[in-house]
Amino acid sequence: MTPSNQDLQHELKLSVLRKRQSGDYPIGLEQQLEAEFRAILEVTHRGTHDLTHLRSILADLNLMIPKIRTAGEASSRVPGGSIVHQMFRRLLRRHTTATIQDLKKILTRIDEAFVELSKAIEAQRRHDERILNDVLGGVLDRLAVVDSLALIVPELERRLLAQTTDAN
Amino acid sequence: MRIDQVLPGASEADAITSMALDIRARLREFCDSDIYSEFVLSESLRDDVLLLEDQISDTCVDATVFHVSYGRPAVTSHLLKRREPLFLSFHNFSPAHHYLAYNPEFAVGLEWGDFDLVRFRDRFVRSFADSQFNAEVLVKLGYRDVVVAPLGLHPGRLRQVAVCPSTAARIEREFAEGFVLVVGQLLPHKRMDQVVATAHLVGSISRRRIPFCIVGSDREPIYSSAIKEFARRLPETNVSFWGSVSDESLATLMRRATIFFGMSDHEGLCVPPLEAMTFGVPVLIKGAGAVPETVGVGGLIMPPDSGPELASEYVTRLWDDVEWRADLSKRGFQRLKQIDSNTEIRKLIEAIRDGIK
């Protein structure tokens, strides 16, 4: 006779409770396991992003900003067309110059912001590397201490044995 | 008459692509029909799924079925330009918040899918949802008369697939005493961390050497690495990751599995437990999203808030009870009898015929 889903669920929930009370499932075990997984996820290597491409885009942007023009080409294949274009260009320039200047200023600021951001990323990376090197240095120092202690142990054992033999 | 289908993307292991292929086969019995997608990830599908820009003019298409599970601006813009009647087949979205940290682009796609549902709501002549759970999502977005029909669902497809000798040999080598099978992509909402934690508790607290075999592609490299590292760090955790496998391998695993197990937090339909049932494998699964209605009486459904402690109790109990596993296996077969893919597709075809009259 197989149990019904409800009976079984009830029975297994009781079993979990009993194991929690007996300490088999320590209080907060599930949360602890989840937190452990989150911690692993946090430090899982996310790949190294090369900033070269970002730098090249920023360099392009730097070159492009001063080249933004206040009006288009006035040349025309239609006879007399270039005069009309030049006329309109002069008229339009009166209105667009200020806007273009503002746009250039904004783009320059954006460019500066990106440059600062890439510098901050570089600085953070150097900082992280320094911390990692410090931690690694500490671990290696401790390992060296453990190594030297391990070398002393046989000597201590030898002395202890000698003393025990003398005492007997 | 011509009825086409549009998907955001297509790949071999994708359940929605399989559904679309199945629907096309039925549609081609009485009309012209093709499948279009913005991108096709599997070379083997190149002849079956065509690129979106190749869809013929809307004046020559009587209806297009739009499968929504993810959003792509190119698909939205393609459909916005077309004038033939549109039919929705909704497969739900994975919760976007799970992906913000690992794959923001994918998270945006999920949100875009939501946008598509709102954008096209009045363009859809009729809307279909895989499950009642999915239908309720549509109703909340203002959809009316949603038809619940898991279109193109063929749980028995793996029954027709041959045994893979190398997989059978590996199973013999690694899982001679049986194993717990978990099928699902390594994605955050599938809660593979809880599967690993369950395996750990089974090994360390219940003191049982029960192997867990996780099958599914590594869609998110960071998440996958973290899951594998988690399994490595937890002592007495007997979990092996098989990655993405062929249908032959999957069918072989399902033939030999002792228990099918799942801890997913979100499912719009969930086909793998049904596939496991076709091999008589007892199903033990967390009852999240559409799982209770999909699995029905055919499996053992854990409460949706189950954690690894309760799950490990279920696993060990089921592992030890042969009689109970046999009963669950029978119940699985009973559940499968209730699924009739042909009826569901007929509903779609009739709705399209009504809609384009």
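Below, chains carry the letters A, B, ... as their sequence lines are ordered, and counting in each starts from 1.
Between A:Glu11 and B:Glu313, every side-chain heavy-atom pair lies at or beyond the 4.5 Å cut-off. The shortest side-chain heavy-atom distance between B:Val196 and A:Phe37 does not fall under the 4.5 Å cut-off.
By the 6.0 Å contact criterion, CD on B:Gln338 is enclosed, its count of non-hydrogen atoms from other residues, nucleotides or ligands being greater than 12. More than 12 non-hydrogen atoms from other residues, nucleotides or ligands lie less than 6.0 angstrom from CD1 of A:Ile100. At most 12 heavy atoms of other shown residues, nucleotides or ligands fall within 6.0 angstrom of atom CZ in A:Phe88. The number of heavy-atom neighbours closer than 6.0 Å to CD1 of A:Ile27, taken from other residues, nucleotides and ligands shown, is 12 or below. Heavy atoms of other residues, nucleotides or ligands lying less than 6.0 angstrom from CD of A:Glu155 number more than 12. Residue-environment remark: CZ (A:Arg93) exceeds the threshold of 12 foreign heavy atoms within 6.0 Å. Residue A:Phe114 places its CZ atom among 12 or fewer non-hydrogen atoms of other residues, nucleotides or ligands, all under 6.0 Å distant.
Nearest heavy atom pair, residue A:Leu33 against residue B:Ala197, reads CD1-CB, 3.9 Å.
Taking CD of A:Glu34 as the start and CZ of B:Arg191 as the end, the distance is 4.5 Å to the nearest 0.5 Å. The distance from the CD atom of A:Glu30 to the CD atom of B:Gln194 is 7.0 Å, given to the nearest 0.5 Å. Between the CG atom in A:Leu12 and the CG atom in B:Leu318 there is a gap of 10.0 Å [rounded to 0.5 Å]. Considering OH of A:Tyr25 and CG of B:Leu201, their distance stands at 5.5 Å, rounded to 0.5 Å. The distance from atom CG of A:Asp24 to atom OG of B:Ser206, rounded to the nearest 0.5 Å, is 8.5 Å. Rounded to the nearest 0.5 angstrom, A:Leu41 CG and B:Phe230 CZ are separated by 10.5 Å.
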How far apart are the C-alpha atoms of A:Glu36 and B:Arg233, what are their side-chain angles, what is the distance that settles it, and do they pass the salt bridge (Lys or Arg N to Asp or Glu O under 4.0 Å) test? CA-CA 10 Å; A:Glu36 199 163 326; B:Arg233 283 196 201 178; 5.8 Å; no
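Contacts between residues 291-312 of chain B and chain A, counted as heavy-atom pairs separated by less than 4.5 Å, involve B:Gly299, B:Leu300, B:Ile301, B:Pro303, B:Gly307, B:Pro308, B:Glu309, B:Leu310, B:Ser312.
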Result block: side-chain N/O donor-acceptor pairs under 3.5 angstrom for residues 102-109 of chain A, not counting sequence neighbours:
{"unit_1": "A:Lys104", "atom_1": "NZ", "unit_2": "A:Ile68", "atom_2": "O", "d": "3.2"}
{"unit_1": "A:Thr108", "atom_1": "OG1", "unit_2": "A:Lys104", "atom_2": "O", "d": "2.6"}
{"unit_1": "A:Arg109", "atom_1": "NH1", "unit_2": "A:Glu112", "atom_2": "OE1", "d": "2.7"}

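Looking at B:Arg232, neither its backbone nor its side chain comes within 4.5 Å of chain A, counting heavy atoms on both sides.
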